[in-house]
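The structure appears right after this line, and notes come after that.
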Amino acid sequence: MFCSLMRTVRLAVLTGRRSRAAQELRRPVGAGPQPLGRDLELWYRAAVPSGLRAFSPAATGCWRCGASPEPSSFFCPSCRALQPPDRRLDYFQLLGLPRRFRLDVERLRESHRRLQRALHPDNFGRSSETERRYSEEQSALLNEAYAALLRPVSRGLYLLGLELPDERLAAEDEAPADDPAFLGAVLELNERLAEAESQASIQRVAASVEQRLRELDEQVGRAFEQGRPRHARPLLQQMKYWNSIGDRVKELLLPR
Ligand code: ZN
């Protein structure tokens, strides 16, 4: 019985609207002046612990002049050419943030905005084709990193993938395990939603979902901080599920 219920609820939430992250990313980035160059690098160096810095040119040297730039350079210190993205960096490193689940979202936004302002293709309209390409790659990678780290559930799944590389995809695709407490909560919420007759009662259901998400957020944070990423896994699956339900409930609250 629980299984068919889960399927029904899942079908109902699959039509959820686009994530807020996607909307954010469609907003135009201020074109701003030419790349911030030195400023950007000083900020980046202050933001990222030296042990984590591994910027691209270190291994092969600058693609244009061959200089061997210092670590953590987006731009060659010698000829100022934009460098290609360094795929060895994880998203946290790329954005100059500590690798942790509990993330300061304002800081994430600021990092993304700042890097995007400097690396965005709008800045490279008159540059060489190679730099235009690198700028597109850097910019796309930044958006990808930002979107992955913005919402707790995708951030948690990404972090899980860093800590347990074999488990990320599985955790992303699996439905939450048949945990009786979780299934009971889903059932209860579904009943309340079915019986809800006013916007106010739907609002109360939405508040319950928010509350549950806050609790999960707390538990996931603790699991990672205590070095138990495996414990975070089922919690993230539940979080993903509550997120979808939350989006669905919010849609019911929108004026028709
Ligand atoms: Zn160079």
**Prompt:** Centre of Phe101's six-membered ring, under 6.0 Å away, within 45 degrees of the axis: is that where NZ or CZ of Arg155 sits?
**Reply:** yes
**Message:** Students often mix this up, so state it plainly: with edges at 30° and 60°, are the rings of Trp242 and Phe182 parallel, tilted or perpendicular?
**Reply:** perpendicular
**Request:** If the plane angle is over 60° it's perpendicular, under 30° parallel, otherwise tilted; pick one for Trp63 and Tyr134.
**Result:** perpendicular
**Asked** Can you tell me if Ser154 uses its side chain to pair, donor with acceptor, with the backbone of Ala148 under 3.5 Å?
**Response** yes
**Complete:** side-chain contact (heavy atoms from CB on, under 4.5 Å) test vs Arg214 passes for just one of Glu210, Glu218, Arg212, namely Glu210
**Minimum side-chain heavy-atom gap Leu235-Met239 below 4.5 Å** = no
**Item:** Atom of Val249, atom of Ala206 and distance for their closest heavy-atom approach
**Value:** CG1-CB, 3.7 Å
**Request:** Might you work through the side chain to side chain contact (heavy atoms under 4.5 Å, CB included) test for Leu160 and Glu163, ending with a clear yes or no?
**Result:** CA-CA 5 Å; Leu160 185 68; Glu163 310 256 326; 5.6 Å; no
**Asked** Passes side chain to side chain donor-acceptor pair (under 3.5 Å), Gln211 versus Glu215? Steps please.
**Response** CA-CA 6 Å; Gln211 173 63 26; Glu215 287 162 14; 3.0 Å; yes
**Asked** Should we count CD of Glu197 as having more than 12 external heavy atoms under 6.0 Å?
**Response** no
**Prompt:** What is the minimum heavy-atom distance between Pro85 and Leu141, and which atoms define it?
**Reply:** CB-CD2, 3.7 Å
**Asked** Are any non-hydrogen side-chain atoms of Leu119 and Ser139 less than 4.5 angstrom apart?
**Response** no
**Item:** Given Arg100, Arg107, Arg102, the one that forms side-chain contact (heavy atoms from CB on, under 4.5 Å) with Asp104
**Value:** Arg107
**Item:** Full working for salt bridge (Lys or Arg N to Asp or Glu O under 4.0 Å) between Arg113 and Glu110
**Value:** CA-CA 5 Å; Arg113 196 159 41 228; Glu110 171 61 17; 3.3 Å; yes
**Polar contact flag, side-chain donor to acceptor under 3.5 angstrom, Asn143-Gln116** = yes
**Asked** When rounded to the nearest 0.5 angstrom, what is the spacing between CG in Leu213 and CD in Gln238?
**Response** 10.5 Å
**Prompt:** Are the side chains of Glu131 and Arg64 in touch, meaning some heavy atoms are under 4.5 Å apart?
**Reply:** yes
**For the student: nearest non-hydrogen atoms of Val153 and Asn243, plus distance** = CG1-ND2, 3.4 Å
**Sub-4.5 Å side-chain heavy-atom contact between Ser127 and Ser135** = no
**Item:** Check: Asp90 side chain, Leu162 main-chain N or O, donor-acceptor pair, under 3.5 Å
**Value:** no
**Prompt:** Given the rule in the side chain to side chain contact (heavy atoms under 4.5 Å, CB included) test, do Arg192 and Arg204 qualify, once you have shown the distances and angles that lead to the verdict?
**Reply:** CA-CA 9 Å; Arg192 282 174 60 193; Arg204 280 193 294 276; 4.1 Å; yes
**Distance in Å, Ile245 CD1 paired with Lys250 NZ, rounded so as to fall on 0.5 Å steps** = 12.0 Å
**Message:** Can a donor-acceptor pair be found, under 3.5 Å and without considering hydrogens, that links the side chain of Gln203 to the backbone of Ser198?
**Reply:** no
**Request:** Side-chain contact test, heavy atoms from C-beta onward, threshold under 4.5 Å: evaluate it for Pro121 versus Arg132 and give yes or no.
**Result:** no
**Message:** Show the nearest heavy-atom pair for residues Phe92 and Pro98, with the distance to one decimal.
**Reply:** CD2-O, 3.2 Å
**Prompt:** Checking salt bridge (Lys or Arg N to Asp or Glu O under 4.0 Å) for the pair Arg109/Glu106: CA distance, chi angles, key distance, verdict?
**Reply:** CA-CA 5 Å; Arg109 283 187 216 280; Glu106 268 320 300; 3.3 Å; yes
**Request:** Run through Leu97, Leu159, Leu95, Leu150 and flag the one making a side-chain contact (heavy atoms from CB on, under 4.5 Å) with Leu103.
**Result:** Leu97
**Asked** Do Cys76 and Cys65 come close enough that some side-chain heavy atom pair is under 4.5 Å?
**Response** yes
**Distance-only polar pair, side chains of Glu144 and Tyr91, donor-acceptor under 3.5 Å** = yes
**Asked** Would you call Phe75 and Gln83 a side-chain contact if the rule is heavy atoms closer than 4.5 Å?
**Response** no
**Request:** Could you tell me whether Glu136 and Arg133 have a side-chain N and a carboxylate O separated by less than 4.0 Å?
**Result:** no
**Request:** Indicate yes or no: at least one non-hydrogen side-chain atom of Ile202 is less than 4.5 angstrom from one of Gln199.
**Result:** yes
**Request:** Rounded to the nearest 0.5 Å, what's the gap from CD on Glu225 to CZ on Arg222? Could you check?
**Result:** 9.0 Å
**Item:** Point-to-point distance, once rounded to the nearest 0.5 Å, from CG of Leu94 to CG of Leu115
**Value:** 6.5 Å
**Request:** Keeping the roles fixed (side chain from Glu191, backbone from Glu188), state whether a donor-acceptor pair exists under 3.5 Å.
**Result:** no
**Request:** Quick one: do Cys79 and Cys62 satisfy side chain to side chain contact (heavy atoms under 4.5 Å, CB included)? Show the steps, please.
**Result:** CA-CA 9 Å; Cys79 75; Cys62 168; 3.8 Å; yes
**Message:** Measuring from atom CZ of Arg230 to atom CG of Leu164, what distance do you get when rounded to the nearest 0.5 angstrom?
**Reply:** 5.0 Å
**Message:** Rounded to the nearest 0.5 Å, what separates atom CG in Asp217 from atom CG in Leu236?
**Reply:** 9.5 Å
